[in-house]
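What follows is a single structure, written as C-alpha cells, with notes after it.
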Protein chains: 2
Amino acid sequence: MKWADVDTTHCGVAAATSIVGDRWIPLILRDVFFGVRRFDDLLTHIGVSTAVLSNRLGRLVEHGILAKVRYRSEGSRHRYEYQLTERGLDLLLVQLALADFGYEHLVDADKRLVDFVDRSTGQRVRLGLVREDGTVIGADSLGMQINEAAASEHQM
Amino acid sequence: MKWADVDTTHCGVAAATSIVGDRWIPLILRDVFFGVRRFDDLLTHIGVSTAVLSNRLGRLVEHGILAKVRYRSEGSRHRYEYQLTERGLDLLLVQLALADFGYEHLVDADKRLVDFVDRSTGQRVRLGLVREDGTVIGADSLGMQINEAAASEHQM
DNA sequence: CAGTATCCCAAGCGATACTG
DNA sequence: CAGTATCGCTTGGGATACTG
C-alpha cells in the first residue's frame with residue numbers, strides 16, 4: 001500500500017499539528033520549559049497580545065499540556081502559573097527538534113542562545129534516532145512501515 | 001541570567017517555527033517524506049487548495065528544504081516533483097517528534113498508521129536524547145544552558 | 001496581576017476559473 | 001499536469017479599554 005492511498009484522518013502528525021501547528025504555541029511552550037510561567041511574563045517576553053496569549057493558554061490547558069495552578073509565595077498575595085503536565089513534557093522533543101533545526105540552519109552559530117545538556121555530566125545533547133536496543137542510527141537509515149489494518153479501516 | 005531576560009530575536013525555535021509553524025507545512029513534508037512528491041498527488045491526498053499548496057511549496061523551495069525537479073519517465077512527457085534537500089532531511093526529526101507525540105497522546109494506539117523503523121534491521125525506532133559519546137539519556141536528565149554572550153549581544 | 005471584551009483591519013483560505 | 005489569478009468569506013490578531 002502506498003502512502004498516497006492512506007486515509008490520514010487519524011494521522012499522528014496531523015493530530016499533533018492541530019495543536020502545535022501554530023506560530024505562537026511553540027514560543028509559549030519554549031518559555032514555559034525555560035521557567036517563564038506567569039501570564040504577564042509570557043506576555044512581555046514573547047511579545048504577543050493578551051487576547052492571543054489567553055486563547056493559546058486556554059487551548060493548551062484544555063488539551064492537558066499545561067496546568068493552571070494557583071499558588072501563594074511568602075507574604076505576597078496569590079498568583080497563577082502554568083505548569084507543564086507529564087503530557088506537556090513529552091512535547092519537549094518537538095521543541096528540541098525545532099531548536100536543533102533552527103540553530104543548525106537558520107541562526108548564526110555564534111548567536112546560539114541556548115545549549116541543551118545532560119544535567120549530570122554537562123555534555124551537549126542532541127536529538128537522535130534510537131533503536132529499541134538503545135543504539136543510535138542516522139537519518140538516512142530511517143524507513144517507515146504502513147500499518148495496513150489501521151490505514152484501510154476507514155476506507156471505502 | 002534568566003530566560004525571561006533573553007532577547008529572542010535570534011531564537012532557534014522561533015526561527016524554525018517561522019517556517020514550520022503552520023498547519024499545512026508539516027503535512028506536506030510528511031507526504032514528501034513518504035513518497036508523495038507531485039503537485040496533484042499532494043493536492044488530493046492532503047486536501048488543501050491549489051493556492052495554499054502552491055504558496056507553501058514555494059516557501060519550502062525558497063528556504064532550501066525542497067527542490068523542484070523536472071524529470072521525464074519512459075515514454076511520457078515531463079513532470080515536476082519536489083525532492084527533499086539535505087536540509088529538508090534534517091526536518092525529519094521534527095516530523096518524527098510530532099508523530100511520536102500524536103500517536104502517544106492523541107490518536108488511538110490501534111489506529112496508528114505508520115511505524116518508523118531502522119531500514120537495515122527492521123527494528124522500531126524512536127526519538128531520543130543523545131549525548132556526544134552516543135549514549136542516550138531520559139528527558140528528566142535534560143538541562144539547558146543560556147549562552148550569555150549571544151543572549152546579551154543585542155540587548156540595550 | 002490575570003485576564004475578558006470589543007473594535008477593526010489584515011491575512012488566510014476554499015471555490016472557481018483560467019493558462020501553458 | 002502544474003500551476004496562477006481572482007473573489008468573497010472567515011479567521012487571526014494588534015490596540016485599547018475594562019474587571020476581579
Side-chain angles (χ1 to χ4, degrees), chain A residues 2 4-5 8-9 14 17-29 31-32 35-63 65-84, chain B residues 2 4-5 8-9 14 17-29 31-32 35-63 65-84:
Chain A
K2 290 266 182 202
D5 301 323
T8 55
T9 43
T17 304
S18 73
I19 299 179
V20 177
D22 170 69
R23 250 189 355 287
W24 299 112
I25 299 263
L27 299 184
I28 293 171
L29 289 176
D31 269 25
V32 173
V36 184
R37 306 210 163 91
R38 294 214 317 267
F39 193 91
D40 261 38
D41 293 341
L42 290 164
L43 201 66
T44 60
H45 191 236
I46 295 177
V48 64
S49 71
T50 56
V52 170
L53 182 57
S54 175
N55 173 280
R56 297 304 193 277
L57 286 174
R59 214 188 283 182
L60 289 170
V61 168
E62 186 185 330
H63 283 92
I65 290 163
L66 297 181
K68 182 176 179 174
V69 177
R70 178 175 167 155
Y71 72 102
R72 181 189 310 268
S73 49
E74 289 305 312
S76 51
R77 66 190 188 79
H78 73 266
R79 290 189 168 170
Y80 294 99
E81 82 173 9
Y82 293 88
Q83 296 175 355
L84 279 170
Chain B
K2 290 263 180 201
D5 301 322
T8 55
T9 44
T17 304
S18 74
I19 301 179
V20 176
D22 170 70
R23 245 181 9 279
W24 298 112
I25 300 262
L27 298 184
I28 294 171
L29 290 176
D31 269 26
V32 174
V36 184
R37 306 209 163 92
R38 293 213 318 266
F39 192 91
D40 261 37
D41 293 341
L42 290 165
L43 202 64
T44 60
H45 191 236
I46 294 177
V48 63
S49 72
T50 56
V52 170
L53 182 58
S54 175
N55 172 281
R56 297 305 191 278
L57 286 173
R59 216 188 280 181
L60 288 169
V61 168
E62 185 184 330
H63 284 93
I65 290 164
L66 297 180
K68 182 176 179 174
V69 178
R70 179 175 166 153
Y71 72 102
R72 182 188 308 267
S73 48
E74 288 304 314
S76 53
R77 66 191 187 80
H78 74 266
R79 291 190 167 168
Y80 295 98
E81 79 173 9
Y82 293 88
Q83 296 175 354
L84 279 171

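Below, chains carry the letters A, B, ... as their sequence lines are ordered, and counting in each starts from 1.
dA2(D) atom P lies 7 Å from atom OH of Y71(B), rounded to whole Å. D40(A) has its CG atom 6 Å from the C1' atom of dC1(C), to the nearest Å. In this entry the distance linking CZ of R79(B) with P of dA2(D) reads 6 Å, nearest Å. In this structure, CG of L43(A) is placed 11 Å from C1' of dC1(C), rounded to the nearest angstrom. Straight-line distance from the CZ atom of R37(B) to the P atom of dC1(D): 17 Å, rounded to whole Å. Taking atom CG on N55(A) and atom P on dG12(D), their separation rounds to 8 Å, with Å as the unit. Residue L53(A) contributes atom CG, which lies 17 Å from atom C1' of dT16(D) at whole-angstrom precision. Computed from coordinates, the L57(A) CG to dG3(C) P distance equals 7 Å when rounded to whole Å.
A distance of 6.0 Å separates CG of L66(B) from CG of L84(B), quoted to the nearest 0.5 Å.
Residues meeting the side-chain hydrogen bond (donor to acceptor under 3.5 Å, both in side chains) test with T44(A), sequence neighbours left out: none. Residues passing the side-chain hydrogen bond (donor to acceptor under 3.5 Å, both in side chains) test with R70(B), sequence neighbours excluded: H78(B). Residues passing the side-chain contact (heavy atoms from CB on, under 4.5 Å) test with R77(B): none are found, sequence neighbours excluded. S49(B) meets the side-chain contact (heavy atoms from CB on, under 4.5 Å) test with A51(B), V52(B); sequence neighbours excluded. For D31(B), the side-chain contact (heavy atoms from CB on, under 4.5 Å) criterion is met by W3(A), V36(B), L42(B), H45(B), I46(B), not counting sequence neighbours.
At the phosphate of dG3(D), OP1 or OP2 sits under 4.0 Å from a side-chain N or O atom of K68(B). The phosphate of dG3(C) has OP1 or OP2 within less than 4.0 Å of a side-chain N or O from Y82(A).
Applying the salt bridge (Lys or Arg N to Asp or Glu O under 4.0 Å) rule to pairs touching residues 35-52 of chain A yields R38(A)-D41(A), sequence neighbours excluded. The salt bridge (Lys or Arg N to Asp or Glu O under 4.0 Å) pairs that include a residue from residues 46-55 of chain A number zero, where partners must be two or more places apart or lie in different chains.
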Along nucleotides 11-20 of chain C, 5' to 3', which nucleotides get a B, which get an S, and which get a -, given that the test is a protein heavy-atom distance under 4.0 Å?
--SB-B----
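Nearest approach of V48(A) to L43(A), heavy atoms of both residues: O-CD1, 3.3 Å.
With a cut-off of 3.5 Å on both pairing distances, the Watson-Crick and G-U wobble pairs of DNA chain D assemble into stems of 3 or more at C:1-20 with D:1-20.
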